[in-house]
Student: 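Below you will find the structure I want to go over with you.
Everything quoted here is computed from the prediction, not taken from an experiment.
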Amino acid sequence: MRVLGAIEAGGTKFVCGIGHEDGSIIDRVSFPTTRPEETMAEVYRYFEGKNVEAIGIGSFGPIDPIPGSPTYGYVTTTPKPYWGQFNLVGAVRDKIDVPIGFDTDVNGAALGEYTWGAARGLDSCLYITVGTGIGAGAVVGGRLIHGLSHPEMGHIYVRRHPDDAFAGTCPYHGDCLEGLAAGPALGQRWQVPGAELGPDHPAWEIEAHYLAHALMSYVLILSPQKIVMGGGVMKQSHLFPLIRAKLQELLKGYVQHASLTADIDSYVVPPGLGDNAGLAGAIGLAAMALAQE
């Protein structure tokens, strides 16, 4: 089988790997995301001699994923120091002259889960990551969603929890979903990392409130056949039943479908690919780029 390269470009760490068109990953490495020149040197070092036929990149954003745009392949207005307006695709192509697929990290993960993971065999799915930031990607009708650019579902406004006066952490919007429910918001609101909060801590009811409000909007707008929730915050598995119950409470039976009523435990789920969702999705982006050649 063809050897494909994958880059999961995260704001905290880069994960690089190689795999095959069936989504299998045969090697991987990770390293911290520092300055672009340092990080890209690690990328080049990893792929040297790997003889990949294409590379897929799933990147933190915002990015420009629209071919033909003057800034296609760029990380654009990210608040991450040093990475704003960085030509990520160009930097990879300068050293590795193969077809390159490029999209957001969450669209990549959505593609991975749709193709090989929890949403395999379905027509649509939504993948949301809740970690250092919040982002979501979606496959509808077998295609990743793009428009003017890519979706920014982590920056919608959600209804305030009545017991929460936290100002929010988003540098652009303050108390949007990411500003209220991402990992840094948990840490700042409670003055300890979320991983150190016990399962009975009131933090989780507030967290579930915000995430369920977001899922309600996604259900009503996109009507995905599966919602997959990943990221560091969602490692707290006790969040899932709280989110599912709150989502049902908010929908009030308006959307009459068994997935949302009788079988919600199988509708809002963790990644079927585990921590490989993003890297497998990048393999999928590489395969798409190769097919378009």
Side-chain angles (χ1 to χ4, degrees), residues 1-61 63-67 71-75 78 80 83 86-117 120 127 129 135 137 139 143-144 146 150 230 271-293:
M1 288 189 287
R2 291 168 163 171
V3 177
L4 303 176
I7 302 172
E8 184 182 2
T12 303
K13 67 178 179 179
F14 266 51
V15 182
C16 296
I18 57 173
H20 298 303
E21 289 164 293
D22 62 357
S24 59
I25 296 166
I26 56 179
D27 187 59
R28 63 187 290 157
V29 68
S30 66
F31 41 86
T33 306
T34 55
R35 290 175 179 264
E37 60 273 17
E38 298 168 344
T39 307
M40 296 311 299
E42 293 286 348
V43 171
Y44 304 147
R45 190 173 299 115
Y46 175 75
F47 284 109
E48 186 175 1
K50 296 289 196 299
N51 298 317
V52 297
E53 296 188 45
I55 289 180
I57 306 170
S59 176
F60 71 96
I63 64 169
D64 183 348
I66 306 302
T71 54
Y72 168 72
Y74 281 58
V75 179
T78 177
K80 185 167 181 62
W83 285 86
F86 178 71
N87 186 353
L88 180 53
V89 168
V92 173
R93 187 168 281 134
D94 281 347
K95 299 287 187 180
I96 311 168
D97 187 19
V98 296
I100 297 174
F102 182 62
D103 215 316
T104 62
D105 48 1
V106 284
N107 255 357
L111 178 64
E113 288 295 321
Y114 168 79
T115 308
W116 300 293
R120 184 174 184 176
Y127 178 93
T129 185
V139 176
R143 298 174 64 89
L144 289 164
H146 297 113
H150 56 82
L273 298 173
D275 292 336
N276 283 333
L279 202 60
I283 292 287
L285 293 172
M288 289 170 63
L290 196 59
Q292 292 166 4
E293 284 294 300

Student: Is it true that a side-chain atom of Glu113 and a backbone atom of Gly272 form a donor plus acceptor pair closer than 3.5 Å?
Tutor: yes
Student: What are the two closest heavy atoms between Met40 and Ala91, and how far apart are they?
Tutor: CE-CB, 4.1 Å
Student: Using 0.5 Å steps for rounding, measure from the CZ atom of Phe86 to the CZ atom of Arg35.
Tutor: 12.5 Å
Student: Can you see which heavy atom on Gly56 is nearest to which on Ala286, and at what distance?
Tutor: N-CB, 3.3 Å
Student: Using side chain to side chain contact (heavy atoms under 4.5 Å, CB included), reason through Thr12 and Phe60 one step at a time and then give a plain yes or no.
Tutor: CA-CA 9 Å; Thr12 303; Phe60 71 96; over 6 Å; no
Student: Starting at NZ of Lys13, measure out to CD of Glu42 and round the result to the nearest 0.5 Å.
Tutor: 14.5 Å
Student: Any side-chain heavy atom of Ile283 within less than 4.5 Å of one from His20?
Tutor: no
Student: Specify the closest pair of heavy atoms between Leu273 and Ala280, including all atoms of both residues, with the distance to one decimal.
Tutor: CD1-CB, 3.8 Å
Student: Mind checking whether Ile55 and Arg93 have side chains closer than 4.5 Å, heavy atoms only?
Tutor: no
Student: Do you know which two heavy atoms are closest between Leu285 and Gly108, and how far apart they sit?
Tutor: CD1-CA, 4.3 Å
Student: Distance check, rounded to the nearest 0.5 Å: Ile18 atom CD1 versus Leu279 atom CG?
Tutor: 10.5 Å
Student: What closest approach, in Å, do Ala282 and Ala6 show between heavy atoms, and which atom pair accounts for it?
Tutor: CB-CB, 3.6 Å
Student: With the side chain counted from C-beta on, respond yes when Val52 and Leu4 share a heavy-atom pair under 4.5 Å apart, and no when they do not.
Tutor: no
Student: For residues Asp94 and Tyr44, is any side-chain donor paired with an opposing acceptor at under 3.5 Å?
Tutor: no
Student: Not counting sequence neighbours, which residues clear side-chain hydrogen bond (donor to acceptor under 3.5 Å, both in side chains) with Thr39? List them please.
Tutor: Thr34
Student: Would you check, one step at a time, whether the test side chain to side chain contact (heavy atoms under 4.5 Å, CB included) holds for Thr33 with Trp83?
Tutor: CA-CA 10 Å; Thr33 306; Trp83 285 86; 3.8 Å; yes
Student: Do His150 and Ile63 have side chains that approach each other closer than 4.5 Å (heavy atoms only, starting at C-beta)?
Tutor: yes
Student: Any ion pair linking Glu48 and Arg45 (charged N to carboxylate O, less than 4.0 Å)?
Tutor: no
Student: Keeping the roles fixed (side chain from His146, backbone from Ile66), state whether a donor-acceptor pair exists under 3.5 Å.
Tutor: no
Student: How about Tyr127 and Leu111: do any of their side-chain heavy atoms sit closer than 4.5 Å?
Tutor: no
Student: How long is the span from the CG atom in Asn276 to the CD atom in Glu8, to the nearest 0.5 Å?
Tutor: 8.5 Å
Student: Should Val75 and Ser59 count as side-chain neighbours, where that means a heavy-atom distance under 4.5 Å?
Tutor: yes
Student: Rounded to the nearest 0.5 Å, what separates atom CG in Asp105 from atom OG1 in Thr129?
Tutor: 7.0 Å
Student: Do Phe31 and Cys16 touch side chain to side chain, with heavy atoms closer than 4.5 Å?
Tutor: yes
Student: Report yes if the side chains of Asp275 and Val15 come closer than 4.5 Å at any heavy-atom pair, otherwise no.
Tutor: no
Student: Give, for atom CD1 of Ile57 and atom CD1 of Ile7, the distance between the pair rounded to the nearest 0.5 Å.
Tutor: 4.5 Å
Student: In terms of relative ring orientation, are Tyr72 and Phe102 parallel, tilted or perpendicular, with 30° and 60° separating the classes?
Tutor: perpendicular
Student: For the residue pair Gly230 and Pro271, what are the closest heavy atoms and their distance?
Tutor: CA-CG, 3.9 Å
Student: Check each of Ile100, Asp97, Val98, Asn87 against Val92 using the side chain to side chain contact (heavy atoms under 4.5 Å, CB included) test, and report the only one that passes.
Tutor: Ile100
